[in-house]
Amino acid sequence: MAELTTDVRVSPLAHLEERMRAAAVTGDRGAALTERPFLTMVNLRVDPASEAADRMGQTLGAPLPSRCGETTGSGPLTVFWLGPDEWLVLSRAEPSAVTAELNEALGDAPGSVVDVSANRTALELSGPAARQVLEKGCPLDLHPRAFAPGQAVSTTVGPVAVLLWQVDDTPTYRLFPRSSFADHLARWLIDAMSEYQGPAVP
């Protein structure tokens, strides 16, 4: 008889789910915060000028981004630039399948393919006031003239280091903190959202 398996994972922010839901603000000054846990994340290291990098791009269905802030993607898969020879692959496929395909593409070339899915979680902040919430503690210029949908950079929000990705022009942002810092970041964002529950100060 086949054994039944049950997913017993607990996300880093499961204990704050209700609090994040209660902190949501609607209307013209709206903002909502949710966790998007258990995404597959694979770290790649390879010479960007190598044939192995080209093979990895073909395997992913998208070339590896070539500069800071750039992302590439194919369907539900997104590739983030982390450094001159380092990338993060975000996917909903099984980590073992993604790493196996990329290791095959890497072959004997110098480099690495590492499943880092447990290293980070994802927070999604969206709504008309989302940019203003982030601007309370992010040193980046997040104005649309400087930061647009599809861009992602390593930065800080409050005191926490994150990979920050703007998904669309709602705006919707995905923040990827280390799992051990996710609680601190979520509480910081909840506090930053609280002023938008009241009327704007003239």
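All residue numbers in this chain count up from 1 along the given sequence.
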- Item | More than 12 heavy atoms of other groups within 6.0 Å of D28 CG | no
Under 3.5 Å, side-chain donor or acceptor atoms of residues 142-159 against the rest of the protein: list the pairs with distances, not counting sequence neighbours.
| residue | atom | partner | partner atom | Å |
| --- | --- | --- | --- | --- |
| H143 | ND1 | R145 | N | 3.1 |
| Q151 | OE1 | A148 | N | 2.6 |

- Message: Please tell me whether L88 and V167 are part of a single hydrophobic cluster in this structure, the criterion being side-chain heavy atoms less than 4.5 Å apart.
- Response: yes
- Got a second to check how far S112's OG is from L44's CG, nearest 0.5 Å? 7.5 Å
- Task: With sequence neighbours excluded, tell me which residues meet salt bridge (Lys or Arg N to Asp or Glu O under 4.0 Å) with E124.
- Result: R36, R174
- In this structure, OG1 of T121 is separated from CG of L175 (nearest 0.5 Å) by 11.0 Å
- Task: With sequence neighbours left out, write down each residue that passes side chain to side chain donor-acceptor pair (under 3.5 Å) with H15, or none if nothing qualifies.
- Result: D183
- Can you find a heavy atom in the side chain of V89 that is under 4.5 Å from one in the side chain of V113? no
- Same apolar cluster: F176 and W87, side chain cutoff 4.5 Å: no
- Task: Quick one: pull up CG in L60 and OG in S74 and give me the separation to the nearest 0.5 Å.
- Result: 8.5 Å
- Message: With a sphere of 6.0 Å drawn around CZ of R21, does it hold more than 12 non-hydrogen atoms of other residues, nucleotides or ligands?
- Response: yes
- If every non-hydrogen atom of P139 is compared with every non-hydrogen atom of G137, which pair is closest and at what distance? CD-O, 4.0 Å
- Message: Less than 4.5 Å apart, side chain to side chain, heavy atoms only: is that true for H184 and P177?
- Response: no
- Backbone of L106 reached by a side-chain donor or acceptor of R55 within 3.5 Å: yes
- Heavy-atom side-chain contact between Q132 and R29 under 4.5 Å: no
Which atom pairs, one a donor and one an acceptor, fall under 3.5 Å between side chains of residues 191-199 and the rest of the protein, sequence neighbours left out?
| residue | atom | partner | partner atom | Å |
| --- | --- | --- | --- | --- |
| S194 | OG | D191 | O | 2.6 |
| E195 | OE1 | K136 | NZ | 2.6 |

- Query: Taking the side chain as C-beta and beyond, is there a heavy-atom pair between L134 and L164 under 4.5 Å?
  - Reply: yes
- Query: When hydrophobic residues are tied together by side-chain contacts of less than 4.5 Å, even through go-betweens, does W188 share a cluster with V162?
  - Reply: yes
- Message: I need the minimum non-hydrogen distance between P48 and A53, along with the two atoms involved.
- Response: O-CB, 3.6 Å
- Non-neighbouring partners of E86 that pass salt bridge (Lys or Arg N to Asp or Glu O under 4.0 Å), sequence neighbours left out: R45
- Message: Are V116 and L13 connected into the same hydrophobic cluster when the rule is that any two of I, L, V, M, F, W, Y join if their side-chain heavy atoms are below 4.5 Å apart?
- Response: no
- Should E104 and T59 be marked as a side-chain contact (heavy atoms from CB on, under 4.5 Å) after you check the CA-CA gap, both sets of side-chain angles, and the distance that decides it? CA-CA 9 Å; E104 183 177 353; T59 296; over 6 Å; no
- Message: Could you work out, with side chain to side chain contact (heavy atoms under 4.5 Å, CB included) as the rule, every residue matching E70, not counting sequence neighbours?
- Response: P65, S66, R67, T72
- Tell me, with the steps shown, if T99 and N103 meet side chain to side chain donor-acceptor pair (under 3.5 Å). CA-CA 6 Å; T99 55; N103 269 312; 5.1 Å; no
- Can you hop from L90 to L64 via hydrophobic side chains spaced under 4.5 Å? no
- How many angstroms lie between atom CG of D115 and atom CD of E94, to the nearest 0.5 angstrom? 10.0 Å
- Task: Would you confirm whether S117, through its side chain, and M41, through its main-chain N or O, come within 3.5 Å as a donor-acceptor pair?
- Result: yes
- Task: Of all the heavy-atom pairs spanning G73 and A62, show the shortest one and how long it is.
- Result: O-CB, 3.6 Å
- Distance, nearest 0.5 Å, that separates CG of L39 from OG of S91: 9.0 Å
- Kindly compute the distance separating CZ (R19) from CD1 (I190), expressed to the nearest 0.5 Å. 5.0 Å
